[in-house]
Amino acid sequence: MFKDNTPLDHLASDLAADAGQAWKDMADFPGYKRTIWRDTAKLHVRRHIPDARVECLPSGWDGKEGVCFIRKR
């Protein structure tokens, strides 16, 4: 389904689209709706892709969350 190092936002935007919400219309920062979909995507990985994990880069100086990736074990 996913290749190693796939950005978590790809899955989050797909899940949002399945629910009828457009990722591009969501605010980038503070990004409340995007954060909810990222959390949903993390949960999806834990439940449905058992051979993968989510790794995130550290948060930036401006408080923005670091980019997360789906990594195969």
Side-chain angles (χ1 to χ4, degrees):
M1 180 175 170
F2 288 94
K3 294 180 181 179
D4 191 31
N5 297 324
T6 298
L8 184 69
D9 282 3
H10 288 187
L11 176 58
S13 65
D14 288 348
L15 293 172
D18 289 347
Q21 296 187 27
W23 186 260
K24 64 181 174 114
D25 293 340
M26 295 178 198
D28 197 26
F29 186 78
Y32 176 74
K33 283 189 178 181
R34 286 188 178 193
T35 299
I36 290 173
W37 284 109
R38 286 181 182 117
D39 289 343
T40 301
K42 288 175 187 175
L43 183 60
H44 181 88
V45 169
R46 278 186 241 135
R47 288 185 177 168
H48 301 287
I49 312 173
D51 63 333
R53 65 190 183 284
V54 175
E55 292 181 1
C56 299
L57 298 175
S59 298
W61 61 270
D62 55 1
K64 288 186 182 179
E65 191 175 297
V67 176
C68 297
F69 297 92
I70 300 170
R71 305 231 195 248
K72 295 286 187 164
R73 293 182 187 186

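In this chain, residues are counted from 1 in sequence order.
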In chain order, what residues pass the salt bridge (Lys or Arg N to Asp or Glu O under 4.0 Å) check against D51, with sequence neighbours excluded?
K72

Determine the minimum heavy-atom distance between K33 and Q21, stating which atoms define it.
CD-OE1, 4.4 Å

What is the distance from atom CD1 of I70 to atom CG of L11, rounded to the nearest 0.5 Å?
5.0 Å

Between W23 and R34, what is the shortest heavy-atom contact and its length?
O-NH2, 2.9 Å

Between CG of L15 and CG of D39, what distance do you get to the nearest 0.5 Å?
12.0 Å

Using side-chain heavy atoms (C-beta onward) and a distance below 4.5 Å, is R38 in contact with D9?
yes

Could you tell me the separation between the CD atom of E55 and the CG atom of L8, rounded to the nearest 0.5 Å?
12.0 Å

Who clusters with F69? Use side-chain heavy atoms, under 4.5 angstrom, across I, L, V, M, F, W and Y, and order the result by chain and number.
L57, V67

